[in-house]
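For clarity, every value in this text was computed on a predicted model and none was experimentally measured.
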Amino acid sequence: MGVTCSVPVECMATRCWNVCIGDHRVKYVRDLQKNLESLKTLLSELSAQRADILYKVEAAEQCRGLKRLQIVDKWLNDVTTAESEAGNLIQDSPKQIQKLCFGGCCSKNCILSYKFGKKVDQQLNVVRDLLGKPGKEDFKVLIGTQRLEQVELIPMRPPVGLDSTFDRAWSCIQNENVETIGIYGPGGVGKTTLLKQINNRLSETDFFVIWVVVSKGCNPEKLQEDIGKSLRISNDDHWKMKSYDERAKDIFKNLKQKKFALLLDDIWEYVDLTKMGIPSQMRANEFKIVLTSRSTQVCGQMRANEKIMVEYLAHAEAFKLFCETVGKDTLASNPKIPELAKIVVKECAGLPLALITVARAMIAKQTPEEWDSAIEILRSYATEFPDMTEKVYSCLKFSYDNLPNEMVRSCFLYCCLFREDMIINKSELIEYWICEGFLGEKNIKCNRNRGFDIIGTLLSACLVEKYDDKYIKMHDVTREMALWISQEFEKDKHGSFVRAGFMLMEVPRVEEWEGKRRVSLMHNEIKQLQEAPSCSHLITLFLNNNKLEMITGQFFQGMPFLVVLNLSYNESLRELPSEISKLVYLEYLNLSYTGLRKLPIGLNALIRLKYLNLEGRWDLEIQCNVISNFQKLQTLNLQRYSLKTEDAGMFFEELRSLKHLETLDIFIDTRIAYHEFQSSNTLHSCIKNLTFYAVEVRVSILANMEHLEALWIHDCIIVEEWDTKRVKEDGGETKFETSMNVVHSMTLGKRLDRLQYVYIRECSGAVDLSWLILAPNLTYIHVSDCSDIIEVINMENLEESENLNLFAKLETLELLKLPNLQSICKYALSFPQFKTLWVKKCWKLKKLPINSSTSKDIKFIIAREAQGWWDKLEWEDEATRIAFSNRLEYEIQ
C-alpha cells in the first residue's frame, strides 16, 4: 500500500510564493482578480467622465470658438493613453487568470503573474488619479477666454482686373443654393489671387475658413493632415496614429458643428472630399467649398454648382499692371516707348504672370529698337497659340529666351528638376551648377559669386521667386514651362526626365529615361534599384528623399559619365555597392542622412569629387586614406559626424592635405578632435558651419574663421580669451585690442563678418558673450540653459560705444533659462532689423536695451506666467512701455 501524505493548501501556496517572489509582493497576485474588476469599473467611469468633459469642451470650441485650457487638454490626452493601456491589460487578463491556482493565492508561473499583477495595480492607481482630477479647483474652468481664429488673413497686394470676377464669386458664396464653386483658368491668370481675396473677405463673416494648397501629385493623406491642422485636431500623437477612416470621422465630427468654408487651391484631379471627412449633407448656407483648377473637367468632377472662369485681363487693365511693373522711368525714357508698350501688352494676351514677367524683362530696355526686338520675339510665338498651354508657356519662354546667355538658361532649366512647390537652397543649387560645369572653370569663390548673380538675374526676370534670404522657389506654371522647354526644345541635348514627388514605389521603366541627360526621382517612395540601365548620357541623378534600402552593383555600371549623384535622406540605405567606384567622373556626392554604416573602400576611386556631404551620419565608419584621395574636393560637410578619438589625428591630417578645400562644415565632440582642429590653422578659413559639443571651447579659436556663417556650441565650457575692453580709432576703423597674442588688432566686420547664426546651449564658464561684437552681421542669436552668463554684451570699458552699431542686422534674439542674466547690454540699441525677442525664465533681467528710437517692429515673446516679470521691467518712459507692450505675445506651449 502507498503512503498518503496530506499538506495544507495554504501552507503549500505560502511556501511556493515565499520561495518565488517573497511575502511582501503576494498582494499583486492575491488581489489580481479584485483589482481587475475595480479597473474595469473605474475605467468605465473614467471613459464616461472623459466623454462628458470632451462634449463640453468641443461644444464651447465649435459653437463659441473658444480654446480649451491646456490642463484640460493634457488630462484628455492622459485619459486616452490610460484607456489604451488599461484596455490592453483587461484584454490579456483571461490568460493571466488561468495561471492562478489555490483559490487565487498562488500561480503556476509566479514571476509572470507578479509582473502582470503589479501592472494592473499601477494602472488602477493611474485611473483613480485621473478620475479624481476634474473635481479639483483647477478643473472648475474648462475653457479659456481666448478665441480660435476663424480666418487666417493672407497678405496680398491690391489685385488688378479681378473686381468683376470677385463680385461674381462672392455672389455665389452668398447664394444659399450654391455649395461648391469651381474657379478655373490657365496657370498664372490670377486664380490663387482671387482665392486669397475670398479668404480675406470671409474674415468679415462667421465662416470658419480652411485653406489648403492641393498641388499636383498631392495624396489624400497629406490633404487630410492639412485640414486637421487647420481644425487644430492633428497636433497630438494619438490623432497621428489613427487610420485614414478614423481621421475622416474626426474631421466630420468637428466640421459638422461648424459653419465652414473649405478653400482648395490648385486642384489637378478629382479628390473624394466625403471620404476625407468633409460633410456633404448640410444646408448650402452652412458650408461652402471653393476650389481653383486649370481644368473645367476637374471642376465638374468636384460637382461645382457654379463654374467661374478667371478671364485674361482686358487691355486697359493689362496695360495698368504692365506699367506698374515696368516703372515710370522706363516708360519716360523715350517718347515712342509707351505706344510700343501697348503692343507688348497686347502680345501678352492679358495673362498677369506673363505681363509681370515680360515687364520686368523690359525694365532696363530704354531704346525703341530694343522694344521692337521684343515685340518681334513675342509675335513669333503668339502665332502658335492654339490653346492655353502654348499661350502660357510661349509668354513665359520669352523671358527664358531673353536671359543673357546660354549659361543662365541652363541654370534656369536645372531648377525644374526639383519637385513642385519645393523651396530650393541657393547654395546647394549653385553647387549643382558648378559640378555640372555651367559656371566655367574659374576658382570656387568666383563661381559661387557668379551663381548668386545668376539667381539674381532669374529673380529679376520673375522666373524664380524669393522665399527668403537663403531659399528660392519656382512657380508651378513656370516650372512646367521649363519642363516643356527641356522636353520640346532640348531633345538634341537629351533633355531631362523628372518624376519628382510622384509617390512612385518603383523606378519608371528604363526605356523612359535611360537616354536622358538629367533624371530626377526625388521625393518618392522607391525602395530598390535593381535595374541595369544603359545611361551613357546621364550627368545628374537625383534619388534623394526616397525609401531606398538596396542598390545593386549593376545599377551604376551603365552610367560612366555621371557627375552629380544625390542619395540623401534615404535612412534605410545601409550600404553602397562597390561598383560606385565605376563613377570616376563623379564630382558631387550627397550621402547625408542615409543609413550608411561605412563608406565602401572603392569610394577612393572617385578622385574628381568636388562636393561630398556626409552630414547626419553620426557613427559612419570612414576608412583611412579615403578622404585624402579626394584632392579636388572643394566642399565637405561633416556636420553631425562624430570622429572616433583614436582616428582624429589621422583624419585631420587627411583634411589638411586637401589643397582645394574651400568650404568645410564640421562637428567637434571630443577633446582630441578639438586639439587637432585647433592645430589645423589651414582649415579655419574654410569653416562655414561649425558645431562644438561637450568640449572646452576657447573663443580665440574663431579668430581666423572669416567664412564662418553658423556656429553651434552645445554642452561646452566656454573660455573667453579675447579682451575686447579697449577700442581705438585708427584710420576711421574701430579696432579691438586683445591682451593675448592669439589675435592682434581684430577689425570689426572683418574676421567674423559672415557669421549670421549663433546657437549656444547648456554651456558654462563664460559670464558674457562680448565676443559677439566681432560679428556685425548676426541675424540670429540663441542662448539657453547657461547658468553662468550675467550679461550678453559687456560694454563697461568700451569707448565710443554708440558708434559700434551693435546688432544692426539682428532679426531674432532668444534668451531662455538664463537664471543669472542681469543685462543684455547696458546701452540702448536701435535694432533696425529686429523682429523677435524671446525671453524665458531670465528673472534677474530688469531692463531691455531698447528706447523710443528702437525699431517698433519688434515682437516680444514671453511665457504667460512671466507677465509679472514683464510688468516690473524698467523703461525709458511710460510712452515707450506702452508702445512696446502692444507688441507682446505669449509663447505657444
A.B. asks: With a 3.5 Å distance limit and no angle check, can you tell me whether Gln623 reaches the backbone of Leu599 through a side-chain donor-acceptor pair?
C.D. replies: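 Such a contact is found between Gln623 side chain and Leu599 backbone.
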A.B. asks: Checking the side chain of Asn546 only, and the main-chain atoms of Leu548 only, is there a donor and an acceptor separated by less than 3.5 Å?
C.D. replies: no
A.B. asks: Could you work out, with ring-ring contact (aromatic ring centres under 6.0 Å, His included) as the rule, every residue matching Tyr467, not counting sequence neighbours?
C.D. replies: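 Scan of Tyr467 (ring-ring contact (aromatic ring centres under 6.0 Å, His included), adjacent residues dropped) gives none.
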A.B. asks: Could you tell me which residues satisfy ring-ring contact (aromatic ring centres under 6.0 Å, His included) with Phe860, sequence neighbours excluded, listed by chain and number?
C.D. replies: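 By the ring-ring contact (aromatic ring centres under 6.0 Å, His included) rule, Phe860 matches Trp870, Phe884.
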A.B. asks: Answer whether the closest heavy-atom distance between the side chains of Leu567 and Leu576 falls below 4.5 Å.
C.D. replies: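 Sidechains of Leu576 and Leu567: in contact.
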A.B. asks: With His684, which residues qualify under ring-ring contact (aromatic ring centres under 6.0 Å, His included), at least two apart?
C.D. replies: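 Expected list: Phe677.
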A.B. asks: Quick one: are Leu818 and Val792 in side-chain contact, heavy atoms under 4.5 Å?
C.D. replies: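 No; the side chains remain at least 4.5 Å from each other.
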A.B. asks: Is there a side-chain contact between Glu653 and Ser628, using heavy atoms and a 4.5 Å cut-off?
C.D. replies: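 SC-SC contact between Glu653 and Ser628 ruled out.
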A.B. asks: Any side-chain heavy atom of Leu614 within less than 4.5 Å of one from Ile622?
C.D. replies: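 SC-SC contact between Leu614 and Ile622 confirmed.
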A.B. asks: Check the pair Tyr593 / Glu571 against side chain to side chain donor-acceptor pair (under 3.5 Å), numbers first and verdict last.
C.D. replies: CA-CA 6 Å; Tyr593 296 100; Glu571 296 178 355; over 6 Å; no
A.B. asks: Have Ser680 and Arg656 got a donor and an acceptor in their side chains that come within less than 3.5 Å?
C.D. replies: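 Yes, because at least one side-chain N or O of Ser680 sits under 3.5 Å from a partner of the opposite role on Arg656.
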A.B. asks: Within the supplied structure, the quantity of interest is the number of heavy atoms (other residues, nucleotides, ligands) at a distance under 6.0 Å from Tyr693 OH; does it exceed 12?
C.D. replies: no
A.B. asks: Residues in salt bridge (charged side-chain N to carboxylate O under 4.0 Å, His left out) with Lys826, at least two apart?
C.D. replies: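 Checked Lys826 against salt bridge (charged side-chain N to carboxylate O under 4.0 Å, His left out); matches are Glu796.
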A.B. asks: Just to verify, what does Ser764 make a side-chain hydrogen bond (donor to acceptor under 3.5 Å, both in side chains) with, not counting sequence neighbours?
C.D. replies: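 If we apply the side-chain hydrogen bond (donor to acceptor under 3.5 Å, both in side chains) test to Ser764, skipping adjacent residues, there are no hits.
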A.B. asks: Is a side-chain donor-acceptor pair under 3.5 Å present for Gln756 with Tyr780?
C.D. replies: no
A.B. asks: Where do Glu549 and Lys547 land on the salt bridge (charged side-chain N to carboxylate O under 4.0 Å, His left out) test, with the steps shown first?
C.D. replies: CA-CA 6 Å; Glu549 298 174 354; Lys547 295 183 178 180; over 6 Å; no
A.B. asks: Checking Lys74 now: which residues fulfil side-chain hydrogen bond (donor to acceptor under 3.5 Å, both in side chains) with it, not counting sequence neighbours?
C.D. replies: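 Applying side-chain hydrogen bond (donor to acceptor under 3.5 Å, both in side chains) to Lys74 gives Asp78.
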A.B. asks: Would Phe831 and Leu837 count as a side-chain contact (heavy atoms from CB on, under 4.5 Å) here? Give the steps.
C.D. replies: CA-CA 11 Å; Phe831 291 120; Leu837 173 60; over 6 Å; no
A.B. asks: Quick one: list whatever passes ring-ring contact (aromatic ring centres under 6.0 Å, His included) with His782, sequence neighbours left out.
C.D. replies: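 Tyr759.
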A.B. asks: Could you check Leu636 against Leu655 for side-chain contact (heavy atoms from CB on, under 4.5 Å), going step by step and ending with a plain yes or no?
C.D. replies: CA-CA 9 Å; Leu636 177 60; Leu655 291 180; 3.4 Å; yes
A.B. asks: Applying side chain to side chain donor-acceptor pair (under 3.5 Å) between Gln639 and each of Asp665, Thr691, Asn689, report the one that passes.
C.D. replies: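 The passing option is Thr691.
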A.B. asks: Checking salt bridge (charged side-chain N to carboxylate O under 4.0 Å, His left out) against Lys840, which of Glu865, Glu891, Glu814 comes through?
C.D. replies: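 When salt bridge (charged side-chain N to carboxylate O under 4.0 Å, His left out) is applied between Lys840 and each of Glu865, Glu891, Glu814, only Glu891 qualifies.
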A.B. asks: State whether the side chain of Asp785 and the backbone N or O of Arg761 hold a donor-acceptor pair below 3.5 Å, judged by distance alone.
C.D. replies: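 Pair absent, no side-chain N/O of Asp785 close to backbone of Arg761.
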A.B. asks: Counting distance only, does the side-chain N/O of Asp768 pair as donor-acceptor with the main-chain N or O of Ile793 below 3.5 Å?
C.D. replies: no
A.B. asks: Using 30° and 60° as the class boundaries, would you call the ring planes of Phe542 and Tyr414 parallel, tilted or perpendicular?
C.D. replies: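 Perpendicular.
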A.B. asks: Run the salt bridge (charged side-chain N to carboxylate O under 4.0 Å, His left out) test on Lys610 and Glu587 for me, step by step, so that the C-alpha distance in whole Å, both residues' side-chain angles and the decisive distance to 0.1 Å come before the verdict.
C.D. replies: CA-CA 5 Å; Lys610 293 180 180 177; Glu587 295 187 14; 3.4 Å; yes
A.B. asks: Would a 4.5 Å heavy-atom cut-off, applied to side chains only, mark Ile424 and Val464 as touching?
C.D. replies: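 Of all side-chain heavy-atom pairs linking Val464 with Ile424, none is under 4.5 Å.
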A.B. asks: Assess the side chains of Thr540 and Glu436: does a donor N or O sit below 3.5 Å from an acceptor N or O?
C.D. replies: yes
A.B. asks: For the side chain to side chain donor-acceptor pair (under 3.5 Å) test, which of Asn447, Asn425, Thr635 pairs with Glu431?
C.D. replies: Thr635
A.B. asks: Do side-chain atoms of Glu676 reach the backbone of Ala648 as a donor and acceptor pair under 3.5 angstrom?
C.D. replies: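 Between the backbone of Ala648 and the side chain of Glu676 there is no qualifying donor-acceptor contact (under 3.5 Å).
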A.B. asks: Are Tyr641 and Phe667 an aromatic pair, judged by ring center distance below 6.0 Å?
C.D. replies: no
A.B. asks: Considering residues at least two apart in sequence or located in another chain, which fulfil the salt bridge (charged side-chain N to carboxylate O under 4.0 Å, His left out) criterion with Arg608?
C.D. replies: none
A.B. asks: For Glu696, is the CD atom crowded, meaning more than 12 foreign heavy atoms sit under 6.0 Å from it?
C.D. replies: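 It does: Glu696 CD has more than 12 such atoms within range.
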A.B. asks: Please enumerate all residues that pass salt bridge (charged side-chain N to carboxylate O under 4.0 Å, His left out) together with Lys598, with sequence neighbours excluded.
C.D. replies: none
A.B. asks: Can you check whether Met705 reaches Leu690 side chain to side chain, under 4.5 Å on heavy atoms?
C.D. replies: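 Yes; the side chains approach each other to less than 4.5 Å.
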A.B. asks: Whether the side chain of Gln634 engages the backbone of His660 through a donor-acceptor N/O pair (distance < 3.5 Å, no angle test) should be reported.
C.D. replies: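 No; zero donor-acceptor contacts below 3.5 Å.
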A.B. asks: Check for a donor-acceptor pair, side chain of Trp869 on one end and backbone N or O of Leu845 on the other, with a separation under 3.5 Å.
C.D. replies: yes
A.B. asks: Taking only residues two or more places apart in sequence or in another chain, which ones pass side-chain hydrogen bond (donor to acceptor under 3.5 Å, both in side chains) with Lys847?
C.D. replies: none
A.B. asks: For Ser784 and Leu816, indicate whether the former's side chain and the latter's backbone hold a donor-acceptor pair under 3.5 Å.
C.D. replies: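 Side chain of Ser784 to backbone of Leu816, a donor-acceptor pair under 3.5 Å: no, none is there.
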A.B. asks: Return all side-chain donor-acceptor pairs below 3.5 angstrom for residues 709-716, not counting sequence neighbours, or 'none' if the list is empty.
C.D. replies:
| from | atom 1 | to | atom 2 | distance (Å) |
| --- | --- | --- | --- | --- |
| His714 | NE2 | Glu762 | OE1 | 3.2 |

A.B. asks: Taking atom CD of Glu465 and atom CG of Leu459, what is their separation to the nearest 0.5 Å?
C.D. replies: 9.0 Å
A.B. asks: So Ile454 and Trp433, do their side chains get closer than 4.5 Å, heavy atoms only?
C.D. replies: yes
A.B. asks: With a 4.5 Å heavy-atom cut-off, do Ile472 and Leu429 have their side chains touching?
C.D. replies: yes
A.B. asks: Is Arg671 atom CZ crowded by more than 12 heavy atoms from other residues, nucleotides or ligands, each under 6.0 Å away?
C.D. replies: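 Count not over threshold, so no.
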A.B. asks: Between His707 (side chain) and Ser685 (backbone), is there a donor-acceptor pair under 3.5 Å?
C.D. replies: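 Confirmed, His707 side chain pairs with Ser685 backbone.
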A.B. asks: Taking all non-hydrogen atoms of both residues, which atom of Asp669 and which atom of Ser642 are closest, and how far apart?
C.D. replies: OD2-OG, 2.7 Å
A.B. asks: Report yes or no: does Asn625 contribute a side-chain atom to a donor-acceptor pair with the main-chain N or O of Asn604 at less than 3.5 Å?
C.D. replies: no
A.B. asks: For Asn794 and Ser770, which I'm curious about, is there any donor-acceptor pair between the side chains at under 3.5 Å?
C.D. replies: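 There is no such pair (donor and acceptor under 3.5 Å, judged by atom type) between the side chains of Asn794 and Ser770.
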A.B. asks: What verdict does the side-chain contact (heavy atoms from CB on, under 4.5 Å) test give for Asn820 and Val767, after you've listed the backbone C-alpha separation in whole Å, the side-chain angles of each residue and the deciding distance to 0.1 Å?
C.D. replies: CA-CA 9 Å; Asn820 292 306; Val767 296; over 6 Å; no
A.B. asks: Apply salt bridge (charged side-chain N to carboxylate O under 4.0 Å, His left out) to Asp226 and list each qualifying residue two or more places apart in sequence or on a separate chain.
C.D. replies: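 By the salt bridge (charged side-chain N to carboxylate O under 4.0 Å, His left out) rule, Asp226 matches Lys222.
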A.B. asks: Can you confirm whether more than 12 heavy atoms, excluding those of Ile607, are under 6.0 Å from its CD1 atom?
C.D. replies: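 At most 12 heavy atoms, drawn from other residues, nucleotides or ligands, come within 6.0 Å of this atom.
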